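Have a look at the structure below before the remarks.
Since the model is a prediction, treat every value here as computed from it, not as a measurement. This chain uses plain numbering: 1 for the first residue, then up along the sequence.
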Amino acid sequence: GLVISCAILACNYTDSQAMIMLFMSIAFFGKGIAALGWAVMSDTAPREATGLAGSVFNLFGNAAGIFTPIVIGYILKATNNNWDMALVFLFAHSIVAMVGFGLVMLYSASSAIAELRYHVAPYYFVVRQVGWAAFSFLILMYFKRADYRRMNSATWAFSGLAVVVGLLVIVYFADARTHRWFRFPGLGSFQPSEFAKPALILFLAYFISRRGHAINDRRTIMQALIAIAMLAMMVVVADLGTAMVQVITAVLMFWIAGLEKRHMARAVAIGVLLVVVAICSRGYRLGRVVSYFDKDFTKLEMIDPHGVIKDY
C-alpha cells in the first residue's frame with residue numbers, strides 16, 4: 001500500500017491535469033490499502049473504548065471524504081479552474097495530517113514514560129511538541145511569503161552548514177554520554193543534528209544549481225560526496241536515523257538533477273556498507289536489529305553459543 005501511494009511523486013513530472021488526477025487516485029488507493037490509521041487508533045485507544053474510538057475515527061474519515069470534493073469544487077469555481085490552489089489545499093491537509101500523526105505517536109510512546117520515569121503528566125511531552133509545532137507553523141508561513149530565490153546564495157548555503165558543523169562538534173563534548181543534546185535547565189533542550197537536514201538541503205540546492213551542467217563529472221561528485229560524508233559522519237556518531245535521512249535526501253536530489261544510474265548504484269552500495277559499519281559500531285544498534293528478527297535470541301544462541309555478540 002505504501003509503495004503504491006508513492007505514485008503521487010509522478011505528479012511532479014507532468015503538466016496534464018488528467019494525469020495528475022490519475023496518479024493521485026492511484027496514490028490514495030494505495031493509502032487505503034495500507035490503512036495505517038487503524039493501526040494507530042488500535043495502538044492508542046484504551047481497550048474498553050476501542051469501539052467508540054473506531055466510530056469517531058470513521059466519522060471524521062468519512063466526513064473528510066464528503067467535504068474535500070465539495071471544497072475543491074468551490075476552489076475551482078472561485079479560481080477559474082486553477083488546480084494549483086486545489087493542490088495547495090491538499091498539501092496543507094497533508095502537513096496537518098503529518099503533524100497530527102507525529103503527536104499521536106509521541107503520546108503513545110511517551111505517556112507511560114512521562115509518568116513512571118519523569119513523574120509528570122502523561123501529556124507533558126505532547127504539550128511541548130505542540131508548542132514547537134505552532135512555532136514551526138509560523139516559520140512555514142514566513143518562508144511561504146518569502147522569495148525562495150534569495151536563498152540561492154553562498155551565504156545561505158555555507159553559513160547554515162558551518163553553524164551546524166560547529167554545533168555538532170560542541171555537542172559531542174557537551175553531552176559526553178549521548179553526544180546528541182544541548183540541555184538548558186528550566187528552558188528545555190535541542191538536538192543540533194535536526195538542523196543538519198535543512199542546512200544540507202540548502203547547500204546541495206546551491207551546489208547543484210551551480211554544477212548542474214556537469215552533474216555526472218567526477219569532480220562534481222567527489223566535492224559533493226566529501227561534504228555529505230563529513231556531515232553524515234558527524235551526525236551518525238549519535239543518531240543513525242538522522243544521518244540516513246540526510247544521505248537519502250542527498251541521493252534523491254542528485255537523482256532528480258540527472259545523476260547517471262551507475263553513479264547512483266555506487267552511491268547506494270557505499271551507503272549500505274556504511275550503514276552496516278555504523279550499526280556494528282554500537283552495541284545497542286546491533287541489539288535492536290538482532291532483537292527485531294530474533295526477539296528471544298534463540299537463533300543467535302545457535303550461531304553464537306558463547307554469547308559474544310549478545311554481550312557486545
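- Under the 4.5 Å side-chain heavy-atom criterion for Ile, Leu, Val, Met, Phe, Trp and Tyr, I201 and W156 are members of distinct hydrophobic clusters.
- You'll find the side chain of L138 stays beyond 4.5 Å of the side chain of M141, heavy atoms only.
- Side-chain contact between F182 and L167: present, with at least one pair of heavy atoms (C-beta onward) separated by less than 4.5 Å.
- Counting heavy atoms of neighbouring residues, nucleotides and ligands inside a 6.0 Å radius, atom CZ of F195 does not exceed 12 of them.
- In terms of modelled atom types and a separation under 3.5 Å, the side chain of N62 and the main chain of N58 share a donor-acceptor contact.
- Two different hydrophobic clusters hold I95 and F143 under the rule that ILVMFWY side chains link at heavy-atom gaps under 4.5 Å.
- When side chains are defined from C-beta on, V247 does not count as touching L274, because their heavy atoms never get closer than 4.5 Å.
- No more than 12 heavy atoms of other residues, nucleotides or ligands sit less than 6.0 Å from atom CG of D15.
- Taken from CD in E115 to OH in Y123, the straight-line distance is 9.5 Å, to the nearest 0.5 Å.
- Put simply, the side chain of S209 gets close to the backbone of Y206: a donor and an acceptor are under 3.5 Å apart.
- At distances below 3.5 Å, not a single donor-acceptor pair connects side-chain atoms of T220 with backbone N or O atoms of N216.
- For Q246 against A196, the heavy-atom pair with the smallest separation is NE2-CB, 2.9 Å.
- M151 places a side-chain heavy atom less than 4.5 Å from the side chain of L202.
- Of all heavy-atom pairs between G65 and P69, the closest is O-CD, 3.1 Å.
- A 4.5 Å side-chain heavy-atom check between H263 and F254 finds every atom pair outside the cut-off.
- The shortest heavy-atom contact between A257 and I208 is CB-CG2, 3.6 Å.
- Residues L200 and V169 share a single hydrophobic cluster, defined by chaining ILVMFWY side chains whose heavy atoms lie under 4.5 Å apart.
- With values rounded to the nearest 0.5 angstrom, L225 atom CG is found 6.5 Å from I270 atom CD1.
- At least one side-chain heavy atom of F23 sits less than 4.5 Å from a side-chain heavy atom of T14.
- The line from CG of L259 to CE of M264 is 6.0 Å long, rounded to the nearest 0.5 Å.
- Heavy atoms of other residues, nucleotides or ligands lying less than 6.0 angstrom from CZ of F184 number more than 12.
- Between L103 and Q129, the shortest heavy-atom distance links the atoms CD2-CG, 3.6 Å.
- Nearest heavy-atom pair across I26 and I4 is O-CG2, 3.4 Å.
- Ring pair F207/F203 is parallel by interplanar angle, where below 30° counts as parallel and above 60° as perpendicular.
- The number of heavy-atom neighbours closer than 6.0 Å to CZ of F67, taken from other residues, nucleotides and ligands shown, is 12 or below.
- Taking CD of Q191 as the reference point, atom CG of L168 lies at 9.5 Å (rounded to 0.5 Å).
- The closest side-chain heavy-atom distance from D84 to T79 is not below 4.5 Å.
- You'll find the side chain of V171 stays beyond 4.5 Å of the side chain of W181, heavy atoms only.
- Membership of the apolar cluster around W83 extends to I8, I20, M21, M24, F28, V71, I72, I75, L76, M85, L87, F89, L90, as traced through chained side-chain contacts below 4.5 Å between ILVMFWY residues.
- Atom-to-atom distance recorded for R218:CZ and I221:CD1 is 8.5 Å, nearest 0.5 angstrom.
- Y124 and V127 fall into different hydrophobic clusters, where Ile, Leu, Val, Met, Phe, Trp and Tyr are joined by side-chain heavy atoms under 4.5 Å apart, directly or via other members.
- Of the possible polar contacts, none joining the N152 side chain to the R149 backbone as a donor-acceptor pair under 3.5 Å is found.
- The two residues A27 and S5 come nearest to each other via the heavy atoms CB-O, 3.3 Å.
- With hydrophobic clusters built from ILVMFWY side chains whose heavy atoms lie under 4.5 angstrom apart, V130 shares a cluster with Y107.
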